[in-house]
Amino acid sequence: MFLVRLANFIYGYVVIIIEGMFPERFLNICARRGIYLWNVKKEGKYQISANISVRGFKMVRPVAKKSRCRVILKKRRGLPFYVFRHRKRKAFALGAVVFVLLLFVMTRFIWVVDISGNVEVETSRIEKVLQEAGLKAGVPSMGVDVWHIQNTVMTRLDKISWIGINIKGTTAYVEVRERISKPEIFPKDLPCDIVASRSGVIESIDAVSGQRLVSIGDVVSGGQLLISGAIDSKAGEGVRYVHAEGEVMATTWHEITVEIPYREEIRTRTGKSKSKHMLKFFNFYVNFFINDRISYENYDRISYVKRLSIGKNLVLPFSFHYDNYYEVEVTWRQRDINEALELAGQEAFEHVKGIQIKNSKRELIGEKLKVTYECLENIALKKAVIREDAKDNGKDIRGGDN
Amino acid sequence: MPKEVVLDLPKLTVYGSNQATVENYGGIIEYDEAHVRLKTNVKVISISGKNLELKTITDVDVLVEGDIDKIEYE
């Protein structure tokens, strides 16, 4: 039905009034001759209004004569008549043409680069690399070499393990996945010692290889040798170097001092606000304000951007920027002592997360809270062994044929 | 084979109470806002109601729109 109406509009039609004693006869003859009539409506006692195509209207005169009706042209409707009526308005026509052209041209460029999936690598950094590779707002979407850009980003940014670029309309969707960095592993084939990562009291030693140097109950300090990779052979053949391995559980003490948040900042809006509006097209900003000074001492700024787009993906290079400034009054609220201590305790606990805690002790030192956690943890830390024979020839520390 | 073609009978299609299509009709006998009478091969179909309009007229069918109260064969 809509298509029929659209076709009628494009080809143009006229509204006529049929006047006569028997307008039904007119309708019958028209139907028989293939003259299409629609929206036939009784207007008065002897009058009927109807729509008729331009082509049909030209054939209507003999029909009217035969049916003894008078046909009056009431209105001309549709595109051909509209264009004819406005044929002298050149600027209007030009505007219509420019509009279509502009729409056509503008949708052939990329206006938005949407980066998602990054957590540690900053968006601005990816943006910069993309820009150098040839993907930025304003480049023609046909000329974007996705392959090349993906490769460039992959080689330039080590942290990224995968990148996908999808161009939809005027938006380039860039999705990245970050590499999970591998933990530092001491090479298995190199000799090493195990030293204490921090001071503590040894609870258990489980040496898989290497020579134990400390025993249960010993107090060790950070950096102290626990399991040696150098084994003295009893047969007097000299020193043998191995890759020491083992677990050394020790009771350690973590002292954490945190500030007690006695006061809390409260920001309340006073109700006064100012707003700045800006229109951006391409890279130009048009300001809609004159006095751009914000006189408030403290304020919250909330900005949002409205982009002009056709549908979701065809974003056009026009956007409206709203900046709202709300004046705020900053007051300080005195916290309840228990509440403040609780918050400080939580903050301190964040430092020893993931470690088995045996005991904890809280101490107030002035404005600060000192928490001592007694923990049980593995303090084994691998460290490259310095060989005595290697020392002799001066360099080769890492070579390991022994 | 469809009957309206083989036997040359009128076919009446009614949607709700505001639209009726008469196919294979012979001609319009009377039309005003309250009545539409159509000649057919068998009988005269008379549609009465309020604000009746003939939405389309071709040589094979007529589409009547409006507040239809009654459809009769005379």
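Chain identifiers are assigned alphabetically (A, B, ...) following the order of the sequence lines, protein sequences preceding nucleic acid strands; residue numbering begins at 1 within each chain.
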Which N or O donor-acceptor pairs, by atom type, sit under 3.5 Å across chain A and chain B?
| unit_1 | atom_1 | unit_2 | atom_2 | d |
| --- | --- | --- | --- | --- |
| A/E24 | OE2 | B/Y31 | N | 2.6 |
| A/N28 | OD1 | B/I28 | N | 2.5 |
| A/N28 | ND2 | B/I28 | O | 2.7 |
| A/L37 | O | B/I57 | N | 3.0 |
| A/N39 | N | B/L54 | O | 3.4 |
| A/N39 | N | B/K55 | O | 2.8 |
| A/N39 | OD1 | B/K55 | NZ | 2.9 |
| A/V40 | N | B/L54 | O | 2.7 |
| A/V40 | O | B/Y31 | OH | 3.3 |
| A/V40 | O | B/L54 | N | 2.8 |
| A/K42 | N | B/Y31 | OH | 3.0 |
| A/K42 | NZ | B/Y31 | O | 3.1 |

Partner residues of A/T171 under the side-chain hydrogen bond (donor to acceptor under 3.5 Å, both in side chains) criterion, sequence neighbours left out: none
So which heavy atom on A/E175 is nearest to which on A/W162, and how close? O-CZ3, 3.6 Å
Check step by step if side chain to side chain contact (heavy atoms under 4.5 Å, CB included) holds for A/F84 and A/R76. CA-CA 11 Å; A/F84 185 76; A/R76 297 178 178 89; over 6 Å; no
Specify the closest pair of heavy atoms between B/V42 and B/P10, including all atoms of both residues, with the distance to one decimal. CG2-CD, 3.7 Å
Filtered by a 4.5 Å non-hydrogen cutoff, the part of residues 106-115 of chain A contacting chain B is none
Option in B/L54, B/V62, B/L63 with maximal non-hydrogen atom pairs under 4.5 Å from chain A: B/L54
Nearest 0.5 Å, please: how far is CG in A/N118 from CZ in A/R177? 10.0 Å
Check B/I68 against B/A20 and note the closest heavy-atom contact, atom names and distance. CD1-CB, 3.9 Å
With rounding to the nearest 0.5 Å, note down the distance linking CD1 in A/I52 to CZ in A/F57. 7.5 Å
List in chain and number order the residues that pass salt bridge (Lys or Arg N to Asp or Glu O under 4.0 Å) with A/R307, two or more places apart in sequence or in another chain; answer none if no residue qualifies. none
Identify the heavy atoms of B/I57 and A/A31 that sit nearest to each other, and give their distance. CG2-CB, 3.9 Å
Verify side chain to side chain contact (heavy atoms under 4.5 Å, CB included) between A/K276 and A/N287, making sure each step is shown before the conclusion. CA-CA 8 Å; A/K276 288 181 180 180; A/N287 295 345; over 6 Å; no
